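Throughout, residue positions are numbered sequentially from 1 according to the sequence presented. Note: hydrogens, waters and symmetry copies are ignored here, and every other heavy atom, side chains too, is used. Keep in mind it's a predicted model, so treat the numbers as computed, not measured.
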Amino acid sequence: MFKYLPHTEADQREILDTLHLESLQDLYRDIPKDVLFSREFQLPEAHSELEVRSFFEHLGSKNTALTCFAGAGFYDHYEPSVIKQIVSRQEFLTSYTPYQPEVSQGTLQYIFEYQSMIQTLTGMDTSNASMYDGLTATAEAMFMAEAITKRKKILIAGNVHPSMLEVVQTYAHYKGLGVDVVHTNQGLVDTFDLKELLT
């Protein structure tokens, strides 16, 4: 019932008695003494958060700044400083999954705020915002396109993130939809291939 509470002294004594041991150290008695670490750890005194942050910033400044060309979604991201302020607010600090409203009011709140802003900006009567991530949203967009056009073939750019392509292909397979990947040329969608697939 209280699985995160540490063992009491009585608990420890009962465990040791059951194992026929005198102390917790006896748990390690089969380890050769010459491999046991028997001296004090050479650790500095405790530091404040500000001191630790300053230390690692100084340490990080010794690195050479490089540009990442890995692609596939691995690139430098800019995160506006206001983001940390927004997500640190109490109304956004609740659970991610909105299936249990009593523990996820934060999620429901920001979905409502987002929908309200999109409605105001676009003039639409409604706005959907209940997708977990871009991959799921893309698959749902595919379903919506099929429902509107009644076509069973989907075109997707070959330069989307590989994970996104895999998710779309998986969803399409079980929905009975075909997926054609539009070729790319120097990182851009090949318009000739696109026109050919569209016809």
Side-chain angles (χ1 to χ4, degrees), residues 3-4 60 63-199:
K3 60 182 179 180
Y4 296 115
N63 293 329
T64 301
L66 302 174
T67 302
C68 178
F69 290 98
F74 296 97
Y75 51 85
D76 293 331
H77 292 76
Y78 169 70
E79 183 180 292
S81 57
V82 70
I83 297 298
K84 289 184 179 178
Q85 298 300 318
I86 292 174
V87 298
S88 66
R89 292 182 60 87
Q90 184 175 354
E91 59 267 36
F92 298 138
L93 284 177
T94 49
S95 179
Y96 175 70
T97 307
Y99 302 141
Q100 298 169 295
E102 71 278 6
V103 295
S104 61
Q105 291 302 324
T107 298
L108 300 176
Q109 178 70 31
Y110 66 66
I111 287 177
F112 170 78
E113 299 295 348
Y114 171 82
Q115 289 172 309
S116 299
M117 286 189 286
I118 291 298
Q119 285 177 259
T120 302
L121 288 170
T122 63
M124 296 188 297
D125 294 329
T126 60
S127 168
N128 185 23
S130 58
M131 296 296 139
Y132 279 131
D133 51 57
L135 307 185
T136 306
T138 304
E140 291 294 337
M142 172 181 65
F143 291 161
M144 187 169 64
E146 185 266 336
I148 293 171
T149 66
K150 307 303 181 190
R151 297 179 180 177
K152 299 296 182 182
K153 181 74 74 174
I154 300 295
L155 301 183
I156 186 167
N159 57 356
V160 299
H161 192 285
S163 297
M164 181 175 290
L165 180 58
E166 289 178 0
V167 169
V168 167
Q169 289 173 328
T170 301
Y171 275 59
H173 173 76
Y174 292 101
K175 186 80 169 176
L177 302 176
V179 177
D180 281 343
V181 178
V182 184
H183 294 143
T184 59
N185 185 6
Q186 295 184 346
L188 301 175
V189 169
D190 188 326
T191 54
F192 295 104
D193 189 46
L194 175 62
K195 290 177 182 177
E196 186 174 332
L197 289 170
L198 284 171
T199 55

Colleague: Using modelled atom types only, decide if a donor and an acceptor are shared between the side chain of Asp193 and the backbone of His183 within a distance under 3.5 Å.
Modeller: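 Such a contact is found between Asp193 side chain and His183 backbone.
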Colleague: Find the distance between OH (Tyr171) and OG1 (Thr136) and round it off to the nearest 0.5 Å.
Modeller: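 Atom-to-atom, Tyr171:OH and Thr136:OG1 are 4.5 Å apart.
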Colleague: Which pair of heavy atoms, one from Ser127 and one from Gln115, lies closest together, and at what distance?
Modeller: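 Closest pair (atom of Ser127, atom of Gln115, distance): O-NE2, 2.6 Å.
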Colleague: Are Glu146 and Arg151 close enough for a salt bridge, meaning some N to O gap below 4.0 Å?
Modeller: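 Arg151 and Glu146: not salt-bridged.
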Colleague: Please round to the nearest 0.5 Å and tell me the distance separating atom CG of Asp190 and atom NZ of Lys195.
Modeller: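 Between atom CG of Asp190 and atom NZ of Lys195 there are 10.0 Å.
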Colleague: Ignoring hydrogens, what is the shortest heavy-atom contact between Val167 and Ala139? Give both atom names and the distance.
Modeller: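 Smallest heavy-atom distance, with atoms named: CG1-CB, 4.3 Å.
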Colleague: Give me the one residue out of Leu165, Val160, Leu155 that meets side-chain contact (heavy atoms from CB on, under 4.5 Å) with Val181.
Modeller: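 Among the candidates, only Leu165 passes.
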Colleague: Contact between Lys153 and Leu177 at the side-chain level, heavy atoms closer than 4.5 Å - yes or no?
Modeller: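 Heavy-atom side-chain distance check fails, nothing below 4.5 Å.
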Colleague: Nearest 0.5 Å, please: how far is CD in Glu196 from CG in Asp180?
Modeller: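 Atom-to-atom, Asp180:CG and Glu196:CD are 10.5 Å apart.
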Colleague: More than 12 non-hydrogen atoms from neighbouring residues, nucleotides or ligands closer than 6.0 Å to OH on Tyr114, yes or no?
Modeller: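 Count not over threshold, so no.
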Colleague: Nearest 0.5 Å please: distance from the CE atom of Met164 over to the CG atom of Leu135.
Modeller: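 With rounding to 0.5 Å, CE (Met164) is 5.0 Å from CG (Leu135).
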Colleague: Determine yes or no for a side-chain-to-main-chain donor-acceptor pair under 3.5 angstrom, with Asn159 supplying the side chain and Gly187 the backbone.
Modeller: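 A pair under 3.5 Å: yes.
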Colleague: Would you mind reporting whether Val179 and Ile156 have side-chain heavy atoms less than 4.5 Å apart?
Modeller: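 Yes - at least one pair of side-chain heavy atoms lies under 4.5 Å apart.
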Colleague: Could you measure the distance from the CD1 atom of Ile154 to the CD atom of Gln169? Nearest 0.5 Å is fine.
Modeller: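 Rounded to the nearest 0.5 Å, the CD1-CD separation comes to 12.0 Å.
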